[in-house]
Participant: 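Questions regarding the structure given below will be posed in turn.
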Amino acid sequence: MRISVIGCGYLGAVHAASMAELGHDVVGIDVDRSKVEALQRAEAPFYEPGFEDLLGTTLATGRLRFSTDMADAREATVHFLCVGTPQKKGEYAADLRYVDAAIESLLDVLKPGDLVAGKSTVPVGTAARLAELVSGKVPGAMLAWNPEFLREGFAVQDTLHPDRLVYGLPEGPEADTARARLDEVYAAIVTAGTPQVVTDYATAEMVKTAANSFLATKISFINAMAELCEATGADVKLLADAIGHDDRIGRKFLNAGLGFGGGCLPKDIRAFMARAGELGADQALAFLREVDSINMRRRIRMVELAREVCDGSLLGKRIAVLGAAFKPDSDDIRDSPALNVAAQLQLQGAVVRVTDPAAGDNIRTSWPQLDVVDTPEQAAERADAVLLLTEWAQYRELDPVAFGELVTQKRVLDGRNALDRDRWTAAGWTYRALGRRAG
Ligand code: UDX
């Protein structure tokens, strides 16, 4: 099939290469020339395990190319909308300007019979509005909503082997045509037995925001338990293990620590609340405000804990921060809890040195006031405290004995409950973590 993918950020670039991998003829379109040129040279504009290899192999087949010109989408019959929907400045609502701009320019090249498949995370009601624009301008063209659930760090795997396919279809006879077209796009995935959920537009849009709200709630739930553990001397990690054995609850997404960040969970729960307000249903999502507050409180608590271990004052204290990306295996620093804590510590007078295996260049560009070094050893030199804020495997595996020789004070704060407490305490470190007793 001939496919266009509009918007080549995280979602779009991975989707474009994955569709080519499935055997389709794909053009990825983006307004950012430097991004398009990098992709065309088989260079990933972001860190994502496995993506650059996939890009290289699919470009080499000749089935994939990238362009800044929407006219190149003219040949395609299925057009995936993958542009970003960031949080509006100064508001909770999602900013739909990229979606609107993409649709507007796509309408100029759309033909009767074409299918527009929306993947961006949008406020419920957007698909119905866009469908009217599509059929108003190009009678016979259709729109479906086909949300994407990829996780950064697993983006290729999640796109090629999703755990479900959700199709939000138009009403009436077009539904069957749109469904058949999507089944054809995802033929390999459908044949593999992937569950499919076929819905109306509104349900498909809500599936995405509901899923992200549930995940955020699960994380904030365990972090609320961590607050209580801190007040009682209980251990949140053991608590999570114990409740996680109940398969109605499950252990995944019950890792207490600094909480969630990134380009999705924080802005999606806020946009969901804003949209509920517009629909007169704000009470239904009032709990998400608490989910957000619990999450933000963890960052403040981490700074307090650092002050506590530094004998009550951060002024002039040398602090090593291990990890700055919002999660491991990513260079994404959007709303990163780790970076937020690092910046607060620096603003409060600490001498902060940050290191991250992948996000270094992004921090240097976006936060030039932070001192970024290449290795954990450099960060830890003469440190008064070491903070693990993003649980990269290489930090979890550090040797506490050798690492202890670099620092001035053997104090480690485990912001992700990811280190082996016994190993670190056995090597003479004072171990502190969110939701657990001092070790
Ligand atoms: C998320 C959703 O998982 C994905 O389905 C959706 O398509 C996009 O948003 P992503 O933002 O890549 O994906 O990250 P995710 O793995 O969900 O982690 C989000 C944040 O939660 C990270 O900051 C992570 O460190 C934190 N987290 C996760 C916890 O604090 N505890 C946990 O137990 C799990």
Side-chain angles (χ1 to χ4, degrees), residues 9-12 14-15 46-49 51 82 84-86 119-122 146-159 161-166 204-205 207-226 236-237 239-241 243-244 249-272 291-292 294-299 301-302 323-341 356 358-359 388-393 395-396 414-418 433-435:
Y10 224 98
L11 164 60
V14 175
H15 192 67
F46 45 79
Y47 177 91
E48 178 63 40
F51 173 59
C82 295
T85 51
K119 285 210 154 287
S120 309
T121 304
V122 291
N146 173 221
E148 177 59 56
F149 306 98
L150 67 81
R151 297 160 298 168
E152 294 187 19
F154 300 91
V156 172
Q157 155 80 14
D158 286 353
T159 307
H161 307 282
D163 44 20
R164 77 283 212 190
L165 288 169
V166 177
E205 292 168 310
V207 168
K208 176 65 192 250
T209 33
N212 277 353
S213 298
F214 190 86
L215 295 172
T217 304
K218 207 169 171 191
I219 298 168
S220 277
F221 171 83
I222 201 65
N223 282 334
M225 294 304 111
V236 74
K237 205 169 175 183
L239 178 83
D241 288 345
I243 64 174
I249 297 173
R251 182 62 176 80
K252 289 182 184 160
F253 273 67
L254 280 185
N255 293 322
L258 260 190
F260 58 83
C264 289
L265 264 41
K267 67 120 174 133
D268 286 353
I269 62 169
R270 292 174 192 156
F272 205 18
V291 165
D292 206 355
I294 294 166
N295 194 50
M296 299 313 273
R297 280 207 298 273
R298 293 287 74 191
R299 304 177 185 187
R301 174 70 190 132
M302 193 70 207
F326 85 103
K327 69 173 193 183
D329 297 318
S330 169
D331 65 354
D332 196 341
I333 54 169
R334 285 177 293 172
D335 201 355
S336 163
L339 209 47
N340 185 308
V341 167
D356 189 280
L388 175 86
L389 301 186
T390 311
E391 69 279 30
W392 286 88
Y395 301 155
R396 289 202 309 263
D414 184 357
R416 293 290 179 180
N417 280 309
L434 296 171

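Both ligands and their constituent atoms are indexed starting at 1 by order of listing.
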Participant: Between Asp335 and Arg299, is the closest basic N to carboxylate O distance under 4.0 Å?
Facilitator: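 Yes.
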Participant: So, does Gly259 sit close enough to ligand 1 that a heavy atom of it is under 4.0 Å from the ligand?
Facilitator: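 A heavy atom of Gly259 does come that close to ligand 1.
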Participant: Please work out which of Phe214, Phe260, Phe253, Phe149 has its closest non-hydrogen atom nearest to atom 17 (O) of ligand 1.
Facilitator: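 Shortest heavy-atom distance from atom 17 (O) of ligand 1: Phe253.
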Participant: Is there side-chain contact between Glu391 and Asp414, with heavy atoms separated by less than 4.5 Å?
Facilitator: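 Not in contact.
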Participant: Does ligand 1 have a heavy atom under 4.0 Å from the side chain of Ile219, from its backbone, from both, or from neither?
Facilitator: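 Near ligand 1, Ile219 shows its side chain, while the N, CA, C and O stay back.
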Participant: Considering only protein heavy atoms, which is closest to atom 2 (C) of ligand 1, and at what distance to one decimal place?
Facilitator: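 Checked against all protein heavy atoms, atom 2 (C) of ligand 1 sits closest to Asn212 OD1, 3.5 Å.
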Participant: Main chain of Gly262, side chain of Arg334: is a donor-acceptor contact present, judged purely on distance under 3.5 Å?
Facilitator: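 Between the backbone of Gly262 and the side chain of Arg334 there is no qualifying donor-acceptor contact (under 3.5 Å).
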Participant: Near Phe149 CZ, under 6.0 Å, is it more than 12 heavy atoms from other residues, nucleotides or ligands?
Facilitator: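 Yes, enclosed.
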Participant: Let me confirm one number: the CG-CG distance from Leu339 to Asp356, rounded to the nearest 0.5 Å.
Facilitator: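 Between atom CG of Leu339 and atom CG of Asp356 there are 9.0 Å.
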Participant: Can you tell me how far apart CG (Leu254) and CZ (Phe221) are? Round to the nearest 0.5 Å.
Facilitator: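 Atom-to-atom, Leu254:CG and Phe221:CZ are 7.5 Å apart.
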Participant: Which of the numbered atoms in ligand 1 are below 4.0 angstrom from a heavy atom of Glu148?
Facilitator: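 Ligand 1 atoms under the 4.0 Å threshold to Glu148: 7 (O).
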Participant: Leu265 heavy atoms, cut-off 4.0 Å: which ligand 1 atoms fall inside?
Facilitator: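 Near Leu265, the atoms of ligand 1 are 1 (C), 9 (O), 19 (C).
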Participant: Report, in ascending order of atom number, the atoms of ligand 1 lying under 4.0 Å from any heavy atom of Glu152.
Facilitator: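 Those of ligand 1 that fall under 4.0 Å from Glu152 are 12 (O).
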Participant: At less than 4.0 angstrom from any non-hydrogen atom of Leu254, what atoms of ligand 1 do you find?
Facilitator: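 This gives 33 (O) as the contact atoms.
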Participant: What protein heavy atom sits nearest atom 7 (O) of ligand 1, and how far away is it?
Facilitator: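 Nearest protein contact, heavy atoms only, for atom 7 (O) of ligand 1 is Leu150 O, 2.8 Å.
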Participant: Could you list the atoms of ligand 1 found under 4.0 angstrom from a heavy atom of Arg416?
Facilitator: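 Those qualifying, in numeric order: 25 (O), 30 (O).
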Participant: Just how far is it from atom NZ of Lys327 to atom CG of Asn255, taken to the nearest 0.5 Å?
Facilitator: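 With rounding to 0.5 Å, NZ (Lys327) is 12.0 Å from CG (Asn255).
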Participant: Closest non-hydrogen protein atom to atom 23 (O) of ligand 1, residue and atom name please, with distance?
Facilitator: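 So the nearest neighbour among protein heavy atoms is Phe326 O, 2.9 Å.
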Participant: Less than 6.0 Å separating the ring centroids of Phe46 and Phe51?
Facilitator: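 Close enough - the centres of the two rings lie under 6.0 Å apart.
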Participant: Could you tell me the separation between the CG atom of Asn223 and the CE atom of Met296, rounded to the nearest 0.5 Å?
Facilitator: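 CE of Met296 is found 12.5 Å from CG of Asn223.
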Participant: What residue and heavy atom of the protein are closest to atom 15 (P) of ligand 1, and at what distance?
Facilitator: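 Atom 15 (P) of ligand 1 sits closest to the protein heavy atom Lys327 NZ, 3.6 Å.
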Participant: How close does the nearest protein non-hydrogen atom get to atom 31 (N) of ligand 1, and which residue and atom is it?
Facilitator: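 Sorting protein heavy atoms by distance from atom 31 (N) of ligand 1 puts Asn255 O, 3.0 Å first.
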Participant: For the pair Lys218 (side chain) and Lys252 (backbone), establish whether a donor and an acceptor sit closer than 3.5 Å, ignoring hydrogens and angles.
Facilitator: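 Yes; judged by distance alone, with no hydrogens or angles, the pair exists.
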Participant: As an exercise, identify every atom of ligand 1 less than 4.0 angstrom from a heavy atom of Lys208.
Facilitator: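 Listed by number with element: 6 (C), 7 (O).
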Participant: Report the nearest protein non-hydrogen atom to atom 13 (O) of ligand 1: residue, atom name, distance rounded to 0.1 Å.
Facilitator: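 The closest one turns out to be Arg151 CA, 3.9 Å.
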Participant: What is the nearest protein non-hydrogen atom to atom 9 (O) of ligand 1, stated with its residue, atom name and distance?
Facilitator: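 I find the closest protein heavy atom is Cys264 CB, 3.2 Å.
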